[in-house]
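Following: one structure in structure tokens, then a few remarks.
Counting begins at 1 with the first residue of the sequence. We use all heavy atoms of the structure for the numbers below, so side chains are in, but hydrogens, waters and symmetry mates are not.
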Amino acid sequence: MVQFKTVTLGDKSWVDEIVMNENSPSADYNFGNIYIWDKHYRQLICRCGDRMLTKLRYGGKPTFVFPVGSGPLRPAIEAIREFAAFKGYPMTLRGITEKHMLMLEDEYPGRFEYTEDVECADYIYQAGKLATYSGRALHGKKNHCNRFEAEHDWSFVPLTRELIPDCLDMLNMWTETNLDRLDPSIHLEHDAIIRAFAVYEKLGLEGGALLSGGKVMGFSIGEMASRDTFDVHFEKADISINGAYPMVCREMTRLAMSRHSELRYINREDDMGLESLRISKLSYKPEYLLKKYTARMKDE
């Protein structure tokens, strides 16, 4: 039987290899997200051939993630089935994309039932459009950036260890200012950002900070999710400064594109079912939404 283990930084190399072989634009599998959200989801992982098995708690209940990677799928699914049966857990897989559904149906025709997780869909954007805000649909974002550039002596610089204390100060102020209007889950995000900053370099994260007058006005952190998709984990900006958010988005996209020649898409992750986030993410005009599903094996 497979042996799940707590996620550690020592797992990064083999997880990265598997994730790049999976080459999915999804935000669910990259090591950074697994590690920084571990406190909330209590994720356990193990390797099964060239696939990664992941167990977590979602909504207080044990569940599993689709075994990403390469090579035969059935041995990985059977390993999860055996473990679930031993523990008395339902055979449930989350993070299922439409590609994964086809793979499951090839191996287990008619054995799974699927439920769409609408609040978990990732918002995927063309990097070139976010880097320029070209086109009529994004004209408003470009105008906000023009105004910001006219009103501020600014720079956008790669995020370094020396800038992290200022970013934390800005994050704490942002959280305090916006607490009354935000969902209680903001505390979970705050903890995840702290965890990300603590081992920023070891996680191989990439980020940038928007500066004006020596002050951090916004920052963004992410990592490559696949060979052509950059996953933005967090993006914060001073909401009282007109254009700060569009500037952070645009400049982080430009920075990522300058570092990764194959980059074509930006994944700005899901909206967690929050109306304010949905409106914000839609305003940047996604190329498409990467739908996610939960798969349950019938009669198990």
Side-chain angles (χ1 to χ4, degrees), residues 1-12 14-15 17-19 21-22 24 26-122 184-185 188-189 191-192 195 225 269-270 272-273 290-300:
M1 185 183 302
V2 295
Q3 298 292 321
F4 285 96
K5 64 180 291 292
T6 302
V7 179
T8 70
L9 290 171
D11 296 307
K12 177 174 166 55
W14 70 264
V15 172
E17 176 190 353
I18 282 176
V19 168
N21 286 335
E22 173 72 18
S24 169
S26 174
D28 291 352
Y29 320 121
N30 55 69
F31 185 78
N33 258 346
I34 293 173
Y35 185 88
I36 61 185
W37 287 98
D38 182 54
K39 180 179 178 181
H40 177 54
Y41 291 111
R42 294 162 58 186
Q43 299 180 87
L44 304 175
I45 60 174
C46 71
R47 185 165 190 157
C48 181
D50 290 323
R51 292 186 176 274
M52 176 175 63
L53 311 187
T54 308
K55 175 188 173 295
L56 52 80
R57 295 193 70 82
Y58 191 88
K61 298 179 181 179
T63 188
F64 303 90
V65 176
F66 182 87
V68 297
S70 58
L73 175 62
R74 183 175 283 268
I77 296 295
E78 291 303 314
I80 294 174
R81 288 183 70 191
E82 179 186 27
F83 183 89
F86 178 77
K87 291 290 189 178
Y89 298 154
M91 177 54 183
T92 304
L93 299 172
R94 293 188 60 85
I96 302 289
T97 65
E98 292 178 347
K99 175 185 175 182
H100 294 153
M101 289 172 62
L102 295 175
M103 295 170 66
L104 287 173
E105 287 306 301
D106 281 345
E107 290 287 347
Y108 300 91
R111 296 287 305 281
F112 282 93
E113 57 183 8
Y114 306 92
T115 305
E116 185 178 354
D117 299 317
V118 177
E119 64 185 35
C120 296
D122 288 341
S185 63
L188 302 176
E189 182 190 55
D191 289 344
R195 188 168 169 86
E269 301 194 352
D270 59 55
M272 300 187 296
L290 180 66
K291 295 181 179 180
K292 310 280 187 64
Y293 300 83
T294 293
R296 294 178 176 84
M297 185 164 271
K298 298 174 182 177
D299 303 323
E300 288 196 15

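For the residue pair Ile80 and Val65, the shortest heavy atom distance occurs at CD1-O, 4.2 Å. Minimum interatomic distance between Leu53 and Pro67 (heavy atoms only, all atoms of both residues): CD2-CB, 3.6 Å. In this structure, Cys46 and Val2 approach most closely via the heavy-atom pair SG-CB, 3.9 Å. The two atoms that bring Arg81 and Met91 nearest to each other are CG-CE, 3.7 Å, heavy atoms only. In terms of heavy atoms, Asn30 sits closest to Ala27 at ND2-O, 3.7 Å. Considering every non-hydrogen atom in both Lys292 and Ser26, the closest pair reads CE-OG, 3.4 Å.
Under the 4.5 Å side-chain criterion, counting only non-hydrogen atoms from C-beta, Ile45 is in contact with Trp14. Looking at Glu107 and Glu78, their side chains never come closer than 4.5 Å, going by heavy atoms from C-beta outward. Counting heavy atoms from C-beta outward, Phe66 and Leu73 have side chains that approach closer than 4.5 Å. Annotation: side chain of Ile34 is in contact with side chain of Met52 (closest heavy-atom distance under 4.5 Å). Glu189 places none of its side-chain heavy atoms less than 4.5 Å from the side chain of Met272. Counting heavy atoms from C-beta outward, Val7 and Phe31 have side chains that approach closer than 4.5 Å. Looking only at side-chain heavy atoms (C-beta outward), Trp37 and Arg195 stay at 4.5 Å or farther from each other. Considering only heavy atoms from C-beta on, Thr97 stays 4.5 Å or farther from Asp28 through its side chain.
Checking side-chain atoms of Arg296 against main-chain N and O of Lys298 turns up no donor-acceptor pair under 3.5 Å. Thr92 places no side-chain N or O within donor-acceptor distance of the main-chain N or O of Thr63, the cut-off being under 3.5 Å.
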**OP:** Step by step, work out the side-chain contact (heavy atoms from CB on, under 4.5 Å) result for Thr294 and Ile96.
**Re:** CA-CA 6 Å; Thr294 293; Ile96 302 289; over 6 Å; no
**OP:** Test Tyr58 against Arg42 for side-chain contact (heavy atoms from CB on, under 4.5 Å), laying out the working first.
**Re:** CA-CA 9 Å; Tyr58 191 88; Arg42 294 162 58 186; over 6 Å; no
**OP:** Report the C-alpha separation of Asn33 and Glu269 in whole Å, then their side-chain angles, then the decisive distance to 0.1 Å, and conclude whether the side-chain contact (heavy atoms from CB on, under 4.5 Å) test is met.
**Re:** CA-CA 11 Å; Asn33 258 346; Glu269 301 194 352; 3.0 Å; yes
**OP:** Take Leu102 and Glu105 through the side-chain contact (heavy atoms from CB on, under 4.5 Å) test and state the conclusion after the steps.
**Re:** CA-CA 5 Å; Leu102 295 175; Glu105 287 306 301; 5.8 Å; no
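To the nearest 0.5 Å, the span separating CZ on Arg47 from CD1 on Ile18 amounts to 4.0 Å. The line from CE of Met101 to OH of Tyr293 is 5.5 Å long, rounded to the nearest 0.5 Å. Rounded to the nearest 0.5 Å, atoms NZ (Lys99) and CD (Glu22) are 5.5 Å apart. Atom CG of Leu44 and atom OG1 of Thr54 lie 9.0 Å apart (nearest 0.5 Å).
Remark: Lys5 engages Asp11 in a salt bridge (charged side-chain N to carboxylate O under 4.0 Å, His left out) (not counting sequence neighbours). A search for salt bridge (charged side-chain N to carboxylate O under 4.0 Å, His left out) contacts involving Asp270 returns nothing, not counting sequence neighbours. For Phe112, the ring pair (Phe, Tyr, Trp, His ring centres under 6.0 Å) partners are Tyr108, not counting sequence neighbours. In this structure, the salt bridge (charged side-chain N to carboxylate O under 4.0 Å, His left out) partners of Arg94, at least two apart in sequence or on a different chain, are Asp117. With sequence neighbours excluded, no residue satisfies salt bridge (charged side-chain N to carboxylate O under 4.0 Å, His left out) with Glu113. For Tyr114, there are no ring pair (Phe, Tyr, Trp, His ring centres under 6.0 Å) partners at least two apart in sequence or on another chain.
More than 12 heavy atoms of other shown residues, nucleotides or ligands fall within 6.0 angstrom of atom NZ in Lys12.
Taking the six-membered ring where tryptophan is involved, the planes of Phe83 and Phe4 are perpendicular, since the angle between them exceeds 60° and thus also 30°.
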